[in-house]
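Protein chains get the first letters and strands the later ones, always in sequence-line order, with residue 1 at the start of each. Remember, it's a predicted structure, so these values are computed and weren't measured experimentally.
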2 protein chains.
Amino acid sequence: MMSHKKEYLLLLDDHGIRPTANRILVAEALDRAGRPMSLMELEDRLLTLDKSSISRCLTLFKENHLVHALEDGSDAVRYELCHSRSHHEDDDQHVHFYCEKCHRTFCLHETPIPSIDLPDDYVALSVNYMVKGICAACKSKS
Amino acid sequence: MMSHKKEYLLLLDDHGIRPTANRILVAEALDRAGRPMSLMELEDRLLTLDKSSISRCLTLFKENHLVHALEDGSDAVRYELCHSRSHHEDDDQHVHFYCEKCHRTFCLHETPIPSIDLPDDYVALSVNYMVKGICAACKSKS
DNA sequence: GTTTTTCATGCAACTTGGTTGCAAAAGTTT
DNA sequence: AAACTTTTGCAACCAAGTTGCATGAAAAAC
């Protein structure tokens with residue numbers, strides 16, 4: 001995780017995104033959360049921004065490959081900050097875990113997505129491996 | 001794929017679902033489609049049913065493990081008929097493919113989901129492996 | 001360094017996918 | 001058949017997210 005505003009500014013720059021104050025806040029919030037966040041979750045943490053502004057940031061980030069979006073089965077898309085410094089394709093494809101109890105989504109950074117063979121003539125552009133269940137924290141609590 | 005109404009009736013019965021006319025129609029439509037269908041897609045094929053009725057069928061089917069729901073990144077959940085005759089957990093976990101061009105989702109029945117090791121104390125309840133890209137039909141068309 | 005032009009933002013209104021309340025219809029039980 | 005339960009259609013509602021538009025901030029042109 002980064003800690004200075006300036007680093008987020010550079011990160012945005014790296015991805016060809018003009019670093020406005022709002023955008024830095026959104027990038028920072030995503031990074032500090034340490035897990036993929038939904039629009040609504042970000043709204044709760046960025047009280048000063050309108051949800052439409054956050055939404056537009058996320059869309060822009062996605063277009064510029066600063067975040068990638070993932071559907072976890074909650075009915076909200078979540079956005080994860082790409083930690084690769086370049087704006088090229090993700091080198092860091094890992095499994096995600098959605099906890100059905102606490103409704104949080106975790107990155108299993110240590111667990112790469114096993115690859116598969118597609119049928120002929122299917123072109124893969126992205127892959128999502130999502131496990132749903134009960135996370136360690138919720139399990140120990142029950 | 002089945003072909004007689006009676007078979008759907010039995011299928012519903014097997015899963016402890018009272019087989020009303022509407023429910024048989026929904027099960028049949030799902031089966032005939034041969035791919036996971038969204039509520040909206042089903043609405044288009046079942047003009048005589050109200051969407052709330054279809055929605056309630058799908059919810060009921062899901063509760064009784066006759067369908068399972070999957071999020072494919074379109075913003076609509078899709079429902080796939082479980083072909084296992086029993087109402088127990090799916091023996092038939094396969095990869096899905098979402099075409100970003102025609103917005104259809106396909107089952108890659110021949111491609112089982114490769115398993116992974118979860119970190120300690122994480123309990124997996126279900127797994128979703130979703131590939132997005134361009135399907136064979138759309139690729140050949142372009 | 002001010003004007004011009006482009007870009008970003010907040011607000012409210014809208015869109016979309018889906019659910020719910022309720023009364024009528026269909027199906028069960030006695 | 002009467003009493004009861006379940007299912008259905010309709011309309012109203014809801015939540016998540018997007019869009020139109022007027023205002024404000026930043027960058028480019030002069």
Q | Side chain to side chain, Pro119(B) and Glu110(A), heavy atoms closer than 4.5 Å | A |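 Not in contact.
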**Q.** Heavy-atom protein contacts under 4.0 Å, nucleotides 18-30 of chain C, coded B base, S sugar-phosphate only, - none
**A.** BBBB------S--
**Q.** Presence of Thr20(A) side-chain N/O under 4.0 Å of dA8(C) phosphate oxygens OP1/OP2
**A.**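 Looking at the OP1 and OP2 atoms of dA8(C), neither is under 4.0 Å from any side-chain N or O of Thr20(A).
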(Q) Could you report the tightest heavy-atom contact between Tyr129(A) and Pro114(B), atom names first, then the distance? (A)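 Of all heavy-atom pairs spanning Tyr129(A) and Pro114(B), the closest is OH-O, 2.7 Å.
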Q | Sequence-distant partners of Asp13(B), side chain to side chain donor-acceptor pair (under 3.5 Å), two or more places apart | A |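 Asp13(B) satisfies side chain to side chain donor-acceptor pair (under 3.5 Å) with no residue once adjacent residues are dropped.
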Q. Looking at Glu41(A), Glu71(A), His96(A), which hits side-chain hydrogen bond (donor to acceptor under 3.5 Å, both in side chains) with Arg78(A)?
A.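 Running side-chain hydrogen bond (donor to acceptor under 3.5 Å, both in side chains) over Glu41(A), Glu71(A), His96(A) with Arg78(A) returns exactly one hit, Glu41(A).
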Q: With a 4.0 angstrom cut-off to heavy atoms of chain B, pull out the first and last contacting nucleotide of DNA chain D, in 5'-to-3' order.
A: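 Endpoints of the contacted stretch of DNA chain D: dT6(D) to dC10(D).
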Q.
Parallel, tilted or perpendicular: which one describes the rings of Phe106(B) and Phe97(B), with boundaries at 30° and 60°?
A.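 Tilted, since the angle between the ring planes falls between 30° and 60°.
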Q. For Asp117(A), does the CG atom sit with more than 12 other heavy atoms under 6.0 Å from it, leaving out its own atoms?
A.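 No, the 6.0 Å shell around CG holds no more than 12 heavy atoms from other groups.
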(Q) Regarding Thr48(B), tell me which of base, sugar-phosphate or nothing describes its non-hydrogen contacts under 4.0 Å with the strands shown. (A)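 Sugar-phosphate contact only.
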Q. Sub-3.5 Å donor-acceptor pair from the side chain of Asp72(A) to the main-chain atoms of Tyr98(A), do we have one?
A.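 Side chain of Asp72(A) to backbone of Tyr98(A): no pair is present.
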Q.
Rounded at 0.5 Å granularity, tell me how far NZ in Lys101(A) sits from NZ in Lys141(A).
A.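 Answer rounded to 0.5 Å: 9.0 Å.
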